[in-house]
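One structure below.
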Amino acid sequence: MKIYIDRYDPETQRKWTENFDIDESVLEGKTVMSLLNYISLNFDSSIAYYSHSVCDHGICGRCLISLNGKTSLACLTPVSGLKEIHLSPVPTRRLVRDLVTK
């Protein structure tokens with residue numbers, strides 16, 4: 001399955017979409033957050049996103065992202081069963097880098 005992630009470099013102000021081919025069996029039981037962790041560990045560690053070390057329960061809201069155009073919490077939203085995955089920053093928040101917003 002193709003995973004699309006919108007990227008943004010604040011130094012150059014360049015925006016682009018990067019894609020990754022991930023075997024669907026890897027997605028089983030994963031949340032968006034654990035998928036991003038998998039991509040970071042196995043494909044591209046330069047992707048900026050909020051990775052929880054404390055919350056991971058949807059309380060702080062720092063990991064708010066857009067999944068296929070719908071605002072979601074990355075730490076709670078499952079990816080199993082999705083036909084397509086396109087991750088982008090939430091458009092109503094200030095973009096810092098890649099999926100990181102304020």
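Just so it is clear, the values below take in all heavy atoms, side chains as well, and ignore hydrogens, waters and symmetry mates.
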Would you mind reporting whether [Y] and [X] have side-chain heavy atoms less than 4.5 Å apart?
X	Y	answer
H86	L67	no
T31	V79	no
I3	Y38	no
N68	L87	no
V32	Y49	no
C63	M33	yes

Does the [X] side chain pair with the main chain of [Y], one donor and one acceptor, at a distance under 3.5 Å?
X	Y	answer
S40	L36	no
T101	R94	no
T71	S66	no
T92	V90	no

Which distance, rounded to the nearest 0.5 Å, do you find between the [atom1] of [X] and the [atom2] of [Y]?
X	Y	atom1	atom2	value
E11	R97	CD	CZ	9.0 Å
M1	F20	CE	CZ	15.0 Å
W16	I5	CH2	CD1	11.5 Å
I39	S34	CD1	OG	10.0 Å
I47	S45	CD1	OG	9.0 Å
K15	Y8	NZ	OH	6.5 Å

Should we count CD of Q13 as having more than 12 external heavy atoms under 6.0 Å? no
Please say yes or no: joined through hydrophobic side-chain contacts below 4.5 Å, possibly via intermediate residues, are L64 and L95 part of one cluster? no
Find out if a path of hydrophobic residues (ILVMFWY) with successive side-chain heavy-atom gaps under 4.5 Å connects I22 to Y4.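 Not linked; separate clusters.
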Does a side-chain N-to-carboxylate-O contact under 4.0 Å join R7 and D98? yes
Measure across L27 and S80 and return the closest heavy-atom pair with its distance rounded to 0.1 Å. O-OG, 3.2 Å
Looking at A74 and I65, what are the two nearest heavy atoms and their distance?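 Scanning both residues, the minimum pair turns out to be CB-CG1, 4.0 Å.
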Listed by chain and number, what are the salt bridge (charged side-chain N to carboxylate O under 4.0 Å, His left out) partners of K2, not counting sequence neighbours? D21
